[in-house]
Amino acid sequence: MTEAERREALKHAKRAKDRERPSRKLKRVQPDDRGDLKTTHLQRIGRGLGHLGVFDKLRGWQHGHDQASAKIGAPEKVSLKSFVILLSAIVEDSSDALLMDVAQAVRFRLTKDDAAWLGVEDDVYALKDDPQGRTFWDVKHTDEEGTVTFALSPNALYDRMQSAMDRLSDLIEPFPGIATRAPRPINEVEADIAALDPTEIAEKRERLLWLMNAIVQGSIYRYNREVRHAIKKHWRGSLAIDGTKLAISASKFGGGVPKQYRNCNSTRLHHSEAMAGWYVRLGDHGGFHEDGVTPLSSKEVRDATWALEVHIGVMIDDEHATKTKRALNLAVAVSIDTPGARIGENSLTVLKAAHKFATDNDISPGTVVGDRAVMPNAKYAKFKKPARQMGYKFCHDYTTTQLGKMQGPLGSVQVEGQLCCPGISAAEVNATKAARKRQDTGDEDADAVQPDRTYAQQLQRRQLHITPTKGPADAKGKLRISCPASDPRGGVSCPLREQVVAQIEDPELRNKLTDRMNDGKTRRRIDKPPVMPGEICTSTQLTHTVELDDTTGKYYQDYDYKSAEWHKMYGQRNQVETFNKDVKANGMSDTKRRRVRGFAKQGILAAMFAAATNVKRINAFLAVLNADKQTSPKDPGPAGRPRRGHSTSVRDEDLPPPDQIAA
């Protein structure tokens with residue numbers, strides 16, 4: 001290229017750079033031109049979040065009781081209220097949950113009234129150098145719409161959305177500055193994490209989890225009372241908890257920190273989303289088996305994914321549900337953390353949020369169902385003890401190492417969650433162990449194989465040895481038990497117990513216990529009583545009060561293991577698995593829809609995807625409900641003035657005036 005040609009090329013490049021073109025960067029809202037966001041959709045999102053006080057809480061964090069976090073500077077162009085509503089709408093509209101999509105929606109997908117309601121600045125719609133002084137509203141839906149130039153550039157509009165996201169993140173990010181655009185050496189990341197204030201981490205984590213749960217529960221509060229009543233009508237407070245991965249963009253072999261390079265001042269590069277970790281589908285999802293101790297093999301962790309873990313609590317049926325009275329399986333609580341980390345604490349966070357939601361709706365606690373990583377692997381003090389204090393019961397399975405006999409209170413033995421007579425035979429104690437060994441067919445879950453007849457018979461005989469209880473364990477973990485040989489509900493007879501009763505001096509008590517043991521009921525004879533019996537065998541009391549400790553409470557559950565009620569309740573774990581599958585199919589598994597960096601930002605988007613799945617399920621439920629109403633005969637009922645709290649007065653009483661008129 002000659003010097004003259006080079007100079008001409010530079011001039012051409014400069015002219016091309018300075019040439020003003022109509023801005024089309026934000027013109028293509030969606031490939032299928034979905035048009036404006038629905039006004040009712042935006043208002044419902046705002047109603048649900050406002051019902052739980054989200055916007056007041058955000059303002060409080062910014063300017064109220066937390067003056068330390070309030071920043072002095074230029075006034076915000078996009079309020080956090082408007083941003084959260086728009087971001088939720090974009091997620092539920094199946095658009096990419098990117099800031100550019102929010103900016104597109106602000107400029108092209110809002111009506112003039114919605115823009116005013118959300119407080120969008122007028123300069124967003126001002127046209128550049130228009131001789132008539134028109135705005136975008138004057139040319140929208142006309143042939144000129146695609147050729148106009150905006151006074152506010154697309155990049156400037158995008159920056160406003162980015163500013164809103166950053167302001168939101170500043171309020172709730174527990175690990176500020178840890179997530180970066182590019183990978184950094186491990187030693188730098190670990191030094192930055194160590195420099196963070198633990199008190200601030202705890203405070204911001206609490207804020208984040210509160211906001212995530214408000215977003216999820218707000219999806220239910222969008223609807224009027226009549227709909228909410230139909231949603232919760234058959235729910236009895238039971239909950240299934242499970243963790244699912246929230247994948248983060250990473251190369252196949254990049255991102256993670258091998259164990260040998262941790263805490264050794266290594267200069268190897270860490271993934272830019274440093275608070276994530278390797279998510280393994282098996283075990284506790286953190287690289288260990290469900291016992292949290294035994295590491296998985298290298299083959300089992302080969303398909304690990306760099307991700308965060310989202311714990312989700314889903315409404316489920318209890319053991320008394322029927323085919324016509326089923327709970328709607330909606331997410332009511334969430335939590336987020338590193339895979340396999342703080343499983344008990346995160347499960348308790350989910351349970352507390354669900355408990356508050358149930359209490360606010362006058363629903364008593366039910367049963368908690370979880371996989372083995374949650375129960376019984378979590379420490380008793382971290383999950384089951386506080387959960388029982390809230391009034392919950394438990395239904396769960398056991399790993400192979402947790403099967404068999406354990407020492408129980410007052411000389412009893414604990415076998416797979418139940419307190420039993422110490423005279424129970426070894427064959428019945430080890431029945432599940434033997435059954436799993438026989439059923440070793442190569443399946444991931446040995447219990448997937450139907451137990452054989454021998455195992456079923458052993459379980460039936462085991463039932464006879466379970467110590468009868470007077471009601472479930474109370475909030476303090478206290479339980480009243482009695483010897484199965486001297487209780488009408490027991491199923492065994494025992495020579496040791498007969499000898500103890502015969503030596504009672506009080507004739508009234510002796511006769512009472514003798515009558516109980518000789519009630520004509522067919523009982524199984526204990527051939528080998530314990531050599532060193534405990535108080536459960538030697539005491540003359542009718543019942544004994546015991547308190548579940550860290551060991552017995554950890555493994556105790558409120559359903560007889562492998563009974564019909566247990567199978568029906570534990571089978572509800574499939575509902576949270578199905579919800580996890582649906583929320584991933586709705587976009588949460590697509591990392592392209594979460595191109596953000598930061599622990600808090602990922603958590604907020606995960607909550608919004610869960611809320612979007614709730615909305616889809618509720619709308620499908622309402623469609624079926626309305627179809628049933630239309631096909632069923634209608635009884636006009638008595639004429640006259642409707643009773644208070646009936647019909648439209650209840651249906652619309654918590655709606656704003658426009659919705660009351662529309663209803």
Side-chain angles (χ1 to χ4, degrees), residues 319 388 393 404-431 456-549 551-553 555-566:
E319 66 272 22
R388 192 171 290 282
K393 299 187 297 182
K405 182 168 65 174
M406 299 181 183
Q407 188 60 44
L410 304 181
S412 65
V413 296
Q414 189 177 34
V415 182
E416 288 146 28
Q418 297 300 315
L419 301 179
C420 297
C421 167
I424 187 172
S425 67
E428 288 146 11
V429 166
N430 300 314
Q457 292 173 344
Q458 288 173 331
L459 289 180
Q460 290 177 357
R461 289 193 291 269
R462 182 194 293 177
Q463 294 289 324
L464 304 176
H465 295 80
I466 294 178
T467 58
T469 61
K470 190 171 183 179
D474 63 13
K476 295 182 179 180
K478 291 185 178 180
L479 190 68
R480 295 182 67 180
I481 64 174
S482 59
C483 171
S486 56
D487 191 291
R489 296 166 295 174
V492 297
S493 62
C494 175
L496 175 61
R497 190 63 180 165
E498 292 170 357
Q499 182 179 359
V500 170
V501 171
Q503 295 176 355
I504 297 177
E505 296 181 357
D506 184 355
E508 183 177 353
L509 178 60
R510 182 175 64 250
N511 294 335
K512 185 175 183 178
L513 289 175
T514 302
D515 293 340
R516 285 190 173 193
M517 292 187 295
N518 300 325
D519 56 1
K521 180 179 179 180
T522 302
R523 295 173 176 266
R524 190 179 184 208
R525 189 68 172 177
I526 293 178
D527 297 327
K528 296 180 179 179
V531 178
M532 300 182 65
E535 189 176 350
I536 189 70
C537 299
T538 60
S539 174
T540 59
Q541 293 180 217
L542 299 179
T543 61
H544 307 268
T545 299
V546 298
E547 185 172 353
L548 301 175
D549 57 20
T551 301
T552 55
Y555 298 106
Y556 184 83
Q557 62 174 309
D558 299 271
Y559 296 82
D560 293 344
Y561 187 62
K562 295 296 183 178
S563 64
E565 293 78 11
W566 182 93

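These numbers were taken from a predicted model, which means no experiment stands behind them. Values below: all heavy atoms of this structure, side chains included; hydrogens, waters and symmetry mates excluded.
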Practice task
Ignoring hydrogens and angles, tell me if any N or O in the side chain of S563 forms a donor-acceptor pair with the backbone of D560 under 3.5 Å.
Solution key: yes
Problem - 4.5 Å side-chain heavy-atom contact, E535 and H544 - result: yes
Exercise for the section: Quick one: closest heavy-atom pair of T467 and S482, and the distance? Expected result: CB-O, 3.4 Å
Handout entry: Side chain proximity check, L479 to T545, heavy atoms < 4.5 angstrom
Key = no
Handout entry: For I526, the option from P484, S493, C494 that meets side-chain contact (heavy atoms from CB on, under 4.5 Å)
Key = C494
Practice task
To the nearest 0.5 angstrom, please state how far the CG atom of D506 sits from the NZ atom of K512.
Solution key: 10.5 Å
Problem - salt_bridge(E416, K562) N-O dist < 4.0 Å - result: no
Handout entry: V501 versus L513, closest heavy-atom pair with distance
Key = CG1-CB, 3.8 Å
Problem - Whether E547 side chain and K478 backbone form a donor-acceptor pair below 3.5 Å - result: no
Handout entry: Rounded distance [0.5 Å steps], CG in L459 versus CH2 in W566
Key = 10.5 Å
Exercise for the section: Scan E565, Q418, K393 and name whichever one has a side-chain contact (heavy atoms from CB on, under 4.5 Å) with D558. Expected result: K393
Fill in the blank from the handout: Heavy atoms of S486 and M517 approach each other most closely as CA-CG, 3.8 Å
Completion exercise
Note: I536 and S412 closest approach over all heavy atoms is CG2-N, 4.0 Å
Handout entry: Sidechain N-carboxylate O distance under 4.0 Å for K470, D487
Key = no
Exercise for the section: Give a yes or no answer on whether the side chain of K521 reaches the backbone of P488 with a donor-acceptor pair at less than 3.5 Å. Expected result: yes
Practice task
Measure the CG-CZ distance between N518 and R523 for me, rounded to the nearest 0.5 Å.
Solution key: 9.0 Å
Exercise for the section: Kindly say whether G534 contributes a backbone atom to a donor-acceptor pair with the side chain of T538 at under 3.5 angstrom? Expected result: yes
Handout entry: Side-chain heavy-atom pair Y559, E319 within 4.5 angstrom cut-off
Key = yes
Completion exercise
Given the options H465, K405, R462, V429 meets side-chain contact (heavy atoms from CB on, under 4.5 Å) only with K405
Fill in the blank from the handout: Distance col, row T543:OG1 vs R480:CZ, nearest 0.5 angstrom, shows 4.0 Å
Exercise for the section: Indicate yes or no: at least one non-hydrogen side-chain atom of I481 is less than 4.5 angstrom from one of P468. Expected result: no
Exercise for the section: Measure the shortest side-chain to side-chain distance between V415 and V413 over non-hydrogen atoms and say whether it is less than 4.5 angstrom. Expected result: yes
Completion exercise
When rounded to the nearest 0.5 Å, the distance separating CG of L496 from NZ of K528 is 15.5 Å
Handout entry: Salt-bridge present (R461, E428; N to O < 4.0 Å)
Key = yes
Problem - Considering all heavy atoms, the nearest I466-C420 contact - result: CG1-SG, 4.0 Å
Completion exercise
Taking every heavy atom of P409 against every heavy atom of T552, the minimum-distance pair comes out as CD-CG2, 4.0 Å
Problem - Heavy-atom donor-acceptor pair, R388 side chain to A475 backbone, under 3.5 Å - result: no
Practice task
List the steps, then state whether side-chain hydrogen bond (donor to acceptor under 3.5 Å, both in side chains) holds for N511 with T514.
Solution key: CA-CA 5 Å; N511 294 335; T514 302; 5.2 Å; no
Problem - Heavy-atom check, side chain of P529 versus side chain of C537, under 4.5 Å - result: no
Problem - L542 side chain reached by R516 side chain, heavy atoms, under 4.5 Å - result: yes
Problem - Carboxylate-amine/guanidinium contact E498 R525, below 4.0 Å - result: yes
